[in-house]
Protein chains: 8
Amino acid sequence: MPSPPDSFQDLGFARADTGRLARTGDAEVIYGEGKTAEQVVTLVSALRAAHPDHPVMVTRAAAPMRAAVVDAFAESTVDDDGQVVAIGALPQARGEVCVVSAGTSDAAVAAEAAFVARVFGAGVTRVRDVGVAGVHRLLAVRDVLDAADCLIVVAGMDGALPSAVGGLTGVPLVAVPTSVGYGASFGGVAALLAMLNSCAPGVVVCNIDNGFGAGVFAARVARRARPRTPEVSVHPRTPEVSVHPRTPEAAS
Amino acid sequence: MPSPPDSFQDLGFARADTGRLARTGDAEVIYGEGKTAEQVVTLVSALRAAHPDHPVMVTRAAAPMRAAVVDAFAESTVDDDGQVVAIGALPQARGEVCVVSAGTSDAAVAAEAAFVARVFGAGVTRVRDVGVAGVHRLLAVRDVLDAADCLIVVAGMDGALPSAVGGLTGVPLVAVPTSVGYGASFGGVAALLAMLNSCAPGVVVCNIDNGFGAGVFAARVARRARPRTPEVSVHPRTPEVSVHPRTPEAAS
Amino acid sequence: MPSPPDSFQDLGFARADTGRLARTGDAEVIYGEGKTAEQVVTLVSALRAAHPDHPVMVTRAAAPMRAAVVDAFAESTVDDDGQVVAIGALPQARGEVCVVSAGTSDAAVAAEAAFVARVFGAGVTRVRDVGVAGVHRLLAVRDVLDAADCLIVVAGMDGALPSAVGGLTGVPLVAVPTSVGYGASFGGVAALLAMLNSCAPGVVVCNIDNGFGAGVFAARVARRARPRTPEVSVHPRTPEVSVHPRTPEAAS
Amino acid sequence: MPSPPDSFQDLGFARADTGRLARTGDAEVIYGEGKTAEQVVTLVSALRAAHPDHPVMVTRAAAPMRAAVVDAFAESTVDDDGQVVAIGALPQARGEVCVVSAGTSDAAVAAEAAFVARVFGAGVTRVRDVGVAGVHRLLAVRDVLDAADCLIVVAGMDGALPSAVGGLTGVPLVAVPTSVGYGASFGGVAALLAMLNSCAPGVVVCNIDNGFGAGVFAARVARRARPRTPEVSVHPRTPEVSVHPRTPEAAS
Amino acid sequence: MPSPPDSFQDLGFARADTGRLARTGDAEVIYGEGKTAEQVVTLVSALRAAHPDHPVMVTRAAAPMRAAVVDAFAESTVDDDGQVVAIGALPQARGEVCVVSAGTSDAAVAAEAAFVARVFGAGVTRVRDVGVAGVHRLLAVRDVLDAADCLIVVAGMDGALPSAVGGLTGVPLVAVPTSVGYGASFGGVAALLAMLNSCAPGVVVCNIDNGFGAGVFAARVARRARPRTPEVSVHPRTPEVSVHPRTPEAAS
Amino acid sequence: MPSPPDSFQDLGFARADTGRLARTGDAEVIYGEGKTAEQVVTLVSALRAAHPDHPVMVTRAAAPMRAAVVDAFAESTVDDDGQVVAIGALPQARGEVCVVSAGTSDAAVAAEAAFVARVFGAGVTRVRDVGVAGVHRLLAVRDVLDAADCLIVVAGMDGALPSAVGGLTGVPLVAVPTSVGYGASFGGVAALLAMLNSCAPGVVVCNIDNGFGAGVFAARVARRARPRTPEVSVHPRTPEVSVHPRTPEAAS
Amino acid sequence: MPSPPDSFQDLGFARADTGRLARTGDAEVIYGEGKTAEQVVTLVSALRAAHPDHPVMVTRAAAPMRAAVVDAFAESTVDDDGQVVAIGALPQARGEVCVVSAGTSDAAVAAEAAFVARVFGAGVTRVRDVGVAGVHRLLAVRDVLDAADCLIVVAGMDGALPSAVGGLTGVPLVAVPTSVGYGASFGGVAALLAMLNSCAPGVVVCNIDNGFGAGVFAARVARRARPRTPEVSVHPRTPEVSVHPRTPEAAS
Amino acid sequence: MPSPPDSFQDLGFARADTGRLARTGDAEVIYGEGKTAEQVVTLVSALRAAHPDHPVMVTRAAAPMRAAVVDAFAESTVDDDGQVVAIGALPQARGEVCVVSAGTSDAAVAAEAAFVARVFGAGVTRVRDVGVAGVHRLLAVRDVLDAADCLIVVAGMDGALPSAVGGLTGVPLVAVPTSVGYGASFGGVAALLAMLNSCAPGVVVCNIDNGFGAGVFAARVARRARPRTPEVSVHPRTPEVSVHPRTPEAAS
């Protein structure tokens, strides 16, 4: 049984919000940037103790922090591209999130989104290397898009991919602009504006590089979706999923 | 039976996309701004003929255009605040969208979002007059928020409302900034940026004043959500819903 | 024989650059905005006298100005959508410019671009109603795109169309953002930035709503292109061309 | 007795404004950034000599500079989080400033504000770890807010906290945006704009990360406020205050 | 006795927050822009009934709205420059706010600030026609500035006035940028940025043209300030105060 | 014979688009930034195998990456200023691109543009050290400008050069703003805006520092241009061309 | 003898700064925008009385205001293009300002600059219709440029003209951007940025459309310049000067 | 005798514009940033040979480059703060430029401006440590300001100083914004905008941190000014001048 809704634990440098799981249905997530590896390990311990049956996740965790966490806990899942790590058994997947990305440069944001969606309780499929400038590759995966309960579309530069995907399917679509680009991309602003003005109806947008927010949102949509009929699952999900459990010894 | 996916009808001034319903599950929507009332009536007729069992919607329709449409067709539903009109029987509502707005100035955008969500097949509840500067009113409707399948939160000025709502519930939340404000609100940019940077996890954002996009997205989420158990519906929905059917004679 | 390169005619309110044709190969164009109809007629007369074998063009000409010009001169060609008028016989078309546009709202800019390209000496084909959100319509006209010597792609909102077109063909492509949109489109800035960051290689961009500049540039590219082999012309050009000669009496 | 209003001391690299205390009631403050530790020690000495009964403060002082100052003078107070140091006995506290901050990332700015307000003569209370996304924690400290003479509310990201606090109390409220965030936070601009457009009446704003300015302003408000009745002080202030006197030997 | 803190009255088009006075010490203010005169009169009546001993204020009220309010209620105070009107006896003035403005173009914002500060319970002095470009006029009123409990400094264009005033006195200073200017003033952005970067310590800033917010804030500071000694009041306040009671008949 | 249009090769870290040459007439280009030298060598090998008769190009290749590529393949052409390398025999040059640049700081972008245009099949002439502030140097090369099939004009700071060049000739002109400058150049934005607003008709623009895009576009224009008569070639092209073949041993 | 330096006259709606002439050498100028014609006439009278031997000027005066002033005073000089009027005999011209402008759209700003420079005591020459896109016309007036003591260069759109002029001469050059343009000209921002980044050394810049400021500055430079030798005056100045005295009866 | 106007010398990496002195009256200046010390020494040699009686200047020269130049040439003048060095005898000073700056942080830009003005032929006075926030210090140097032929006013942060100085004197005033500041100073944009909108008439502006441009412009104004009468020189200039000749041996 998790800690009660109004509980918290004062760790000196921070107060672990041990009651958030009971309040909102999702546990607190640790934002690694700006914290030491020791602080993160302490925070993970506190949250693990508060709700041992629910995983704890650390985002924006650089390599040494990921290593420290993997060393410290028995059951962790790591994604190096997304700089994320989860401690504890992942929940059973309900519903399906499909993360679509264009170039290799967008991989980090897409990986973070996929990992977060999985830890927040959704199944995840990934579609890589599809772009507006090669629209035939997009058409080829149309059935994969239609089979999802929520789409996350990650793109930098011109941010045109969500419009093209949104014209092919009626699945709810979350667009994530990335800071990939130079000059008049202004660190992702060009992609952000394009997505906010998408000519496809029903596209919603996250902050630049915010794979975390997209993953949380999409998981919430997917896990409350009505189960699809089994035959829809034409696309083999397993090898595309980016999350991969590791035993601590394997990671060290 | 609706027209086939690749069909369209050339009307001279435009090509009615009569096949969109078959392709994406949602019919084409007519954007009224910049069109004459006559053009809109012609477009509605073409789309009605293509899929008589599915409603046709016109958005950003000024008063004379709404009147012309109501006069021309037997079954129409109008929302004056949202400047929207739908022709044909509305689909049965599946799932529940809750539209939350703060001030009276945000009413037009909230009304458009609510109407669109209803026409796109979701039930709609509205919560008005809750703002961050009076947070007790927000706490009082917490059960209404929790009962929805998707939330639309509309706010101008500081755009702070989605963060407060997002901290109270785990329901998927779509934020819509409005152009309400002056000076450094920059026509809604302040609210847009605040929402993109929301400190509540899982907030996604639409373009400024884009009630239409939020309504489409939220309906898609809600109508594919698992049915909630009946006792959750503690909040009386009917009197809050902004859509109101009219017979053509009543409207004229 | 046109006036010599350094000639000009002082009209009091302006100096007609009668020598520009000899200097650069293209005659001076009259920008109608901010001028009276009388001033424009006087300017047209001066330029006509300087090079009677070469047409004179007026852009951004509102309806009364277009009417005044048509009344005053024997041989004029008018495009109401593009707010442009040319006086004198159009040059023989060399090469082919294809103007691609997405929505009806972009029609004015596309019409201006097409008309200008034609008056500057290129043949012109138009493709309307293709958008990224309905990519199948774009694929259907791929041969038309390939048959052009230069493409002009006009789009507002997310500005995604040039990227999609640029991925389908190697024809030189000029993108024109339009001010169509609202909220975070910022009067065309969103489309402009998207086009500058296009993920398709070799896309170049004009100012927002600058159909004139795109037309001039594309005509210069097309009219110096090597003639294509006859069988490429699979697309019937005539009915798509937007320029239409009028006799002065018919227009009045 | 302090130096006369128009006095100053030329130190070669700068002119110490020894007369400012007499002119404005507050002594000159040394901005450490861009100065050497030696220059700062020299400046402190000059100002100490001019008004030995009034403390001298150094802001934006990195660790080595703080150490050099602590070594050089007998009575110093240091705040490492806020990168500030004061030399000389602090004035008796009049009135109460309450510094409210949301996340751990805003701690540096909040610490600077609190320290400056204390050195400028006000008592200081701090409230940490309250955010709009967890509004119940804010409601729990409502009496602390009401007991202050001036509030400083520090927040990054969406900058929503001042609106929520401003709706709970009528105490004068100074908002300080921080540069915490990424993407469309634009280095604190999103928070700044949200605060300038706060839907709570009477919120005023400082520059991004300007804890110093907020501390000066709030101290001036608090120290001229009418004394509150003793029973209002329900919140134990001492352990929350961030300033901590050190003897030079303890610090080295 | 005012209505209890959680009370409100549903008027159909809005909910009058009749409990705000009890909650925060200040009654709700009616923002006139976008409302009809009839709606405003209805709102005033509801708020008057809830707290008959406390005035009700309407801001951004155009001339016909001000006339309608004056006609409808027995005791009103009007400021035409500031487009504000208050109904009911003004509270006794406690403390002193001084509103400083530079040019005649800034008069509307300064008038709004002064009126609001008076209705919120502070005494008000105004200093007009002082600017950085004529600094001797500023030096001449230095004693007036020092006599205030809070300063409001209103300026457009270069926004330099708050820095100059802030260097002359230690009184808390609220700066209000105005949209007066052209070209690179960007509707007040130049003045806003200058004020946020003021080289005088302790300057805080409101939104562009937000005289209302400055008035609320300054009144809160002034009315809780310790009473000054009588001899400080060297400046005759009465003829400078911009608020002027009218009987309804006189105004009509 | 190159690989078929829809072919690609999965390399694990990326999918080499081996079919692009057949689809669009131009082979895929490798963007070196963010890739390791090993990855680039692997990609080059895959593309070389797919179309051995067509060169492969790597852009934004830092010195170690260029060295690794030169070591690995027998026939490479390198431009150190432009940070580009091509592997395989360059195609025969058709048509002529002239790259005009002003200052030495713009050299890197101009070099990239020239190299790319050459690899994409055009002949290339370069004109250096001409600027608006020394317009006589520009007039001296007027015949060189007129002899080109497409111009690329590279400029930072005020971005004025394209306007001056565009007034001298009717040759199609692609402008490339560079990030050279400081202060209000905003990383090339000043030059970008100036070029988009060029007072010379028919100027089109690329992204800031996007020599690659300009080269691709200009080559496509030039290589399909009608051959000019031989006597036009008054300017000796060879010594100005920046591409210089190297044998692998010479480069190492 | 003019009024003493610290004098002013309170007119109720404004304070006429009758002492400015004695303080700074230049009389106060009346900014007409936002004032009534009656207010302006009253202000002119007050200033005329204070310094009858020195002219009074009104800028941004619309046609009715100009007519009212001409009717009210015996000796006035008017420029309709620049919307300026001066009352009283103009001072003897010392030194020479040359105002250079490109297009007819920039005429209003150039006219204001020229008129103001003349009233502030400098002789004025105007050069019209020279632009960067026709650089030969600029070279033709090089001797006129060299003969001036200060240049004012007015340009909109790409703002390139000051760079070209600044490369031809060492005369001090003041650049004035105008709001002429559309799309990415952003109301003159493109021209402003180009001028601030001019590649010609020694270009200084005024606010957008600020012909007044340029005229004041240039007159101050010119009238204190050493007299040039007579033979330099190769250009006939009289017919180019835009100021033209009118008797009141002639203007009415 | 200097080289003829159209001469230049090709040095391989650059073309030294040896003819500029004859063309414009001022020799070419070497911008050190991005060049090696060796290149700069070579350029200096070429320009020295072309006009041995005229100094050569290097700006933005870091310490090693300054040392290399001082070592290489017999007669050099260096300013370390301004990162500038001149080689050759300075011209006799004609006229007087006064450089006014506020804080120590603006010293680098002020030093560059002063040095450049001196090398371009004007005498230079400096006034330091005057700011709007301490306006009495400004009033104390009013006679120094009036004695100059041209003022350069350097300020960061709020950019208010030029307005205050411009209100005190009628001397031509060039404002230079600096990038000093943080947060909403946006690297000098706040100061730039304030200066462009100065409420003092006749203020002109340079790019952010562009002390060079201000120095060139001011020297051109000052050296052509009529000689002032000797008694005006009340301020001792010599000890304030920042330029200081060094013999090569002394510097090494």
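By convention in this document, chain letters (A, B, ...) are assigned in the order of the sequence lines, proteins followed by strands, and residues within each chain are numbered from 1.
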Output, in order, the C-alpha distance, side-chain angles, deciding distance and verdict of salt bridge (Lys or Arg N to Asp or Glu O under 4.0 Å) for B/D26 and B/R223. CA-CA 12 Å; B/D26 293 309; B/R223 71 193 188 197; 3.0 Å; yes

Whether [X] side chain and [Y] backbone form a donor-acceptor pair below 3.5 Å:
X: B/R118; Y: B/P91; result: yes
X: A/E112; Y: A/G211; result: yes
X: B/R48; Y: B/H54; result: yes
X: B/Q9; Y: B/A16; result: no
X: B/R226; Y: A/A225; result: yes
X: B/D209; Y: B/S179; result: yes

Leading residue by heavy atom contact count with chain B [cutoff under 4.5 Å; candidates [options]]:
options: A/V203, A/L173, A/N210, A/V29; answer: A/L173
options: A/V174, A/N207, A/L193, A/I208; answer: A/N207
options: A/G25, A/C206, A/P201; answer: A/P201

If contact means a heavy atom pair closer than 4.5 Å, which residues of residues 164-172 of chain B contact chain A?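 If one takes a 4.5 Å heavy-atom cut-off, the residues of residues 164-172 of chain B near chain A are B/G167, B/T169, B/G170, B/V171, B/P172.
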
Would you please go through residues 152-163 of chain B and name the residues with a non-hydrogen atom below 4.5 Å from one of chain A, in numerical order?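 The stretch does not come within 4.5 Å of chain A.
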
Side chain, backbone, both or neither: which part of B/F212 has an atom under 4.5 Å from a heavy atom of chain A?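 B/F212 touches chain A through side-chain heavy atoms alone.
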
By a 4.5 Å heavy-atom criterion (distance strictly below it), what part of B/L192 contacts chain A: side chain, backbone, both, or neither?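 The answer is the side chain of B/L192.
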
Verdict with reasoning, A/H51 to A/V56, per side-chain contact (heavy atoms from CB on, under 4.5 Å): CA-CA 9 Å; A/H51 37 68; A/V56 174; 4.0 Å; yes

Evaluate the side-chain contact (heavy atoms from CB on, under 4.5 Å) criterion for residues B/E28 and B/L47: first the C-alpha distance (whole Å), next the side-chain angles of each, then the deciding distance (0.1 Å), finally the verdict. CA-CA 8 Å; B/E28 190 181 22; B/L47 291 167; 4.1 Å; yes

Are A/R94 and A/P227 side-chain neighbours, meaning at least one heavy-atom pair lies under 4.5 Å?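 No. Closest side-chain heavy atoms not under 4.5 Å.
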
For A/V127 and A/S101: C-alpha separation, side-chain torsions, deciding distance, then whether side-chain contact (heavy atoms from CB on, under 4.5 Å) applies. CA-CA 6 Å; A/V127 175; A/S101 58; over 6 Å; no

To the nearest 0.5 Å, how far apart are CZ in B/R224 and SG in A/C150? 8.5 Å

